[in-house]
Amino acid sequence: MSGAPAASGGLRTALSYCVQQVRSYDYHNYLCLLHLPPAMRKAAFTFRAFNVETAKAMDVVSDPRKGLMRLLWWKDVIDKIYANKTVEHPVALALSSVLSEQKISKRLLKRSLEARINDGNRDEYAIPETVPVLERYAEDTQSTILYMTLQAGGIQSTVADHAASHIGKASGLLLLLKALPHHVSKQGTIPYIPASVAEECGLLTQAGGRSEVRMGDALPDAVFKVASVAEAHLQKARELTASVPAEAIPVLLPAVPAQVLLDSLRRREFNVFDSRLSSGVHGISPLWYQLKLNWHAWRNKY
């Protein structure tokens with residue numbers, strides 16, 4: 001008789017863990033999710049928490065092999081969840097509950113995770129060859145979260161999916177740019193500036209038979225070129241607004257923090273090493289960020 005309440009308590013604890021993880025590590029999206037209808041929040045927080053877990057895997061270890069093992073463990077976890085097997089991890093328990101209630105594509109979860117695994121598997125000095133390669137990674141890791149959230153809300157709209165694709169790509173590209181100082185301090189290289197862009201800006205060098213992006217005065221120019229691609233995606237997403245179902249608008253609110261980050265980069269002349277980019281929420285005060293977010297939500301805009 002006590003099994004059901006215990007299980008219910010365990011799920012509440014798991015869901016609380018998911019919310020706290022998103023609040024701690026993905027605060028700009030945490031605030032976005034609060035604008036979702038209550039019925040969608042459980043799934044949305046769970047998907048974002050899953051993203052936090054997989055995004056952190058390579059960063060919380062000194063040995064990349066351990067991070068990769070963690071990502072492979074998550075790949076096994078997804079298979080077990082879809083096979084109705086219990087995995088004692090808060091995010092896994094929350095995912096299991098969401099998937100028992102909603103029809104969520106296993107392909108999307110795997111796509112997100114495999115992108116992380118492939119990124120973790122690459123040589124530490126490897127850089128993407130072109131912008132489309134980086135866009136694909138951004139879509140695989142960010143747009144997929146929006147796709148799954150739309151699925152959880154029962155929103156079937158090709159237009160909403162297209163908007164989600166653009167917003168995820170923009171968000172992913174801009175977050176990679178913001179994280180460049182972290183990667184430089186950790187591994188001493190600039191990993192997410194495509195070789196084609198680095199070459200245009202005179203930053204591409206050859207060392208030991210491999211291409212590297214060197215530090216230089218033209219780095220902000222390279223950042224600007226990648227950020228401009230993100231800006232184009234945001235513009236394309238907003239051009240679809242009139243055709244996007246009203247119930248999908250809250251799911252697409254992550255366009256707002258992407259725009260905030262883009263604007264902050266522009267104010268800092270695309271110098272990603274300007275410490276003011278890390279202050280507040282994407283370089284602006286939390287209060288101002290919340291006002292922007294609330295204003296968009298109130299106007300049914302993203």
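In this chain, residues are counted from 1 in sequence order.
Across all non-hydrogen atoms, the minimal contact from Glu135 to Lys169 is O-CG, 3.9 Å. Smallest separation of non-hydrogen atoms from Leu261 and Leu174: CD2-O, 3.5 Å. In terms of heavy atoms, Ala163 sits closest to Val244 at CB-CG2, 4.3 Å. Of all non-hydrogen atoms in His35 and Pro250, the two that sit nearest each other are O-CB, 3.8 Å. Nearest heavy-atom pair, Ile193 versus Leu219, reported as atom, atom and distance to 0.1 Å: CG1-CD1, 4.4 Å. Residues Arg214 and Gly202 come closest through the heavy atom pair NH2-O, 2.9 Å.
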Item to complete: Show your working on salt bridge (charged side-chain N to carboxylate O under 4.0 Å, His left out) between Lys85 and Asp79 and close with a plain yes or no.
Response: CA-CA 9 Å; Lys85 296 179 181 178; Asp79 288 332; over 6 Å; no

Practice prompt. Let me see the working for Val184 and Thr189 under side chain to side chain contact (heavy atoms under 4.5 Å, CB included), right down to the final yes or no.
Written response: CA-CA 5 Å; Val184 170; Thr189 60; over 6 Å; no

Practice prompt. Give the C-alpha distance, both sets of side-chain angles, the deciding distance and a yes or no for ring-ring contact (aromatic ring centres under 6.0 Å, His included) between Trp288 and His282.
Written response: CA-CA 11 Å; Trp288 185 231; His282 286 341; over 10 Å; no

Discussion item. Could you walk me through whether Phe47 and Leu108 satisfy the side chain to side chain contact (heavy atoms under 4.5 Å, CB included) test, starting with their C-alpha distance in whole Å, then the side-chain angles of each, then the deciding distance to 0.1 Å, before giving a yes or no?
Written reply: CA-CA 11 Å; Phe47 298 147; Leu108 289 175; over 6 Å; no

Discussion item. Please determine whether side chain to side chain contact (heavy atoms under 4.5 Å, CB included) holds for the pair Leu31 and Arg23, giving the CA-CA distance in whole Å, both sets of side-chain angles, and the decisive distance to 0.1 Å.
Written reply: CA-CA 8 Å; Leu31 293 175; Arg23 182 170 186 170; over 6 Å; no

Practice prompt. Let me see the working for Lys178 and Val272 under side chain to side chain contact (heavy atoms under 4.5 Å, CB included), right down to the final yes or no.
Written response: CA-CA 6 Å; Lys178 185 185 179 185; Val272 292; over 6 Å; no

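Clustering ILVMFWY residues whenever any of their side-chain heavy atoms sit less than 4.5 angstrom apart, transitively, puts Leu36 in a cluster other than the one holding Val98. There is a path of hydrophobic side-chain contacts, each under 4.5 Å, that joins Leu72 to Trp74. In the hydrophobic cluster analysis, where Ile, Leu, Val, Met, Phe, Trp and Tyr join through side-chain heavy atoms closer than 4.5 angstrom, Tyr25 is grouped apart from Leu34. Under the 4.5 Å side-chain heavy-atom criterion for grouping Ile, Leu, Val, Met, Phe, Trp and Tyr, Val256 is connected to Val22 within one hydrophobic cluster. Leu146 and Ile249 fall within the same hydrophobic cluster, where Ile, Leu, Val, Met, Phe, Trp and Tyr residues are linked whenever their side-chain heavy atoms come under 4.5 Å apart, directly or through other members.
Atom CD of Gln21 sits about 13.0 Å away from atom OH of Tyr30, to the nearest 0.5 Å. The CG atom of Leu293 sits 4.5 Å away from atom SG of Cys32, with the distance rounded to the nearest 0.5 Å. Distance check: Tyr289 OH to Ser264 OG gives 11.5 Å after rounding to the nearest 0.5 Å. Atoms NZ and CD1, on Lys106 and Ile78 in that order, are 8.0 Å from each other to the nearest 0.5 Å. Interatomic distance, Leu68 CG to Ile117 CD1, rounded to the nearest 0.5 Å: 7.0 Å. Considering OG1 of Thr241 and CG of Asn300, their distance stands at 10.5 Å, rounded to 0.5 Å.
Salt bridge present: Glu212 and Arg210 bring a charged side-chain N and a carboxylate O closer than 4.0 Å. In summary, Arg267 and Asp274 do not engage in a salt bridge, as defined by a charged side-chain N under 4.0 Å from a carboxylate O. Classification of Arg116 and Glu53 as a salt-bridged pair fails, no side-chain N sitting under 4.0 Å from a carboxylate O.
Of the N and O atoms on the side chains of Arg299 and Asn294, not one donor lies less than 3.5 Å from an acceptor on the other residue. Judged purely by distance below 3.5 Å, without hydrogens or angles, the side chains of Gln259 and Asp263 pair a donor atom with an acceptor atom. Neither side chain, Thr86 nor Lys80, offers a donor N or O lying under 3.5 Å from an acceptor on the other. Side chain to side chain, Asn29 and Asp26 meet the donor-acceptor criterion of an N or O pair below 3.5 Å. Between Ser196 and Glu129, the side chains place no donor N or O within less than 3.5 Å of an acceptor N or O (distance only, hydrogens not considered). A donor-acceptor contact closer than 3.5 angstrom is absent between the side chains of His166 and Gln235. A donor-acceptor contact under 3.5 angstrom links the side chains of Glu139 and Tyr147, judged on distance only.
Under the 4.5 Å side-chain criterion, counting only non-hydrogen atoms from C-beta, Pro254 is in contact with Arg48. Under the 4.5 Å side-chain criterion, counting only non-hydrogen atoms from C-beta, His28 is in contact with Leu175. Using a 4.5 Å heavy-atom cutoff, the side chains of Arg268 and Arg276 are in contact. In this structure, Ser211 and Glu199 have side chains that are not in contact, with every pair of non-hydrogen atoms separated by 4.5 Å or more. With contacts defined as side-chain heavy-atom distances shorter than 4.5 Å, the pair Cys18/Val91 qualifies. Tyr302 is not listed as a side-chain neighbour of His296, based on a closest heavy-atom distance of 4.5 Å or more. Side-chain contact check for Ser171 versus Pro257: every heavy-atom pair is 4.5 Å or farther apart. Residues Leu71 and Lys75 fail the side-chain proximity criterion, which asks for heavy atoms closer than 4.5 Å.
Within a 6.0 Å radius of NZ in Lys56, other residues, nucleotides and ligands contribute more than 12 heavy atoms. Annotation: Tyr82, atom OH; neighbour count of heavy atoms from other residues, nucleotides and ligands within 6.0 Å is above 12. At most 12 heavy atoms of other shown residues, nucleotides or ligands fall within 6.0 angstrom of atom CG in Asp217. Within 6.0 Å of NZ on Lys225 lie no more than 12 heavy atoms contributed by other residues, nucleotides or ligands. Taking a 6.0 Å sphere around CD of Glu269, one finds it holds 12 or fewer heavy atoms contributed by other residues, nucleotides or ligands. Residue Glu200 places its CD atom among more than 12 non-hydrogen atoms of other residues, nucleotides or ligands, all under 6.0 Å distant.
For Ser16 (side chain) and Arg12 (main-chain N/O), no donor-acceptor pair under 3.5 Å exists by modelled atom type. Under the 3.5 Å distance criterion, the side-chain polar atoms of Tyr137 are left unmatched by any main-chain donor or acceptor of Asp119. Remark: side-chain polar atoms of Thr149 are paired, donor with acceptor, to backbone N or O of Ile145 under 3.5 angstrom. When atom types are taken as modelled, the side chain of Ser105 and the backbone of Arg107 share a donor-acceptor pair closer than 3.5 angstrom. Panel note: side chain Ser97, backbone Ala94; no donor-acceptor pair is recorded below 3.5 Å.
Checking each of Leu203, Ile127, Val131 against Val197 for a side-chain contact (heavy atoms from CB on, under 4.5 Å) leaves exactly one that passes, namely Val131.
The six-membered or imidazole ring of His183 lies near that of Tyr192, with a centre-to-centre distance under 6.0 Å.
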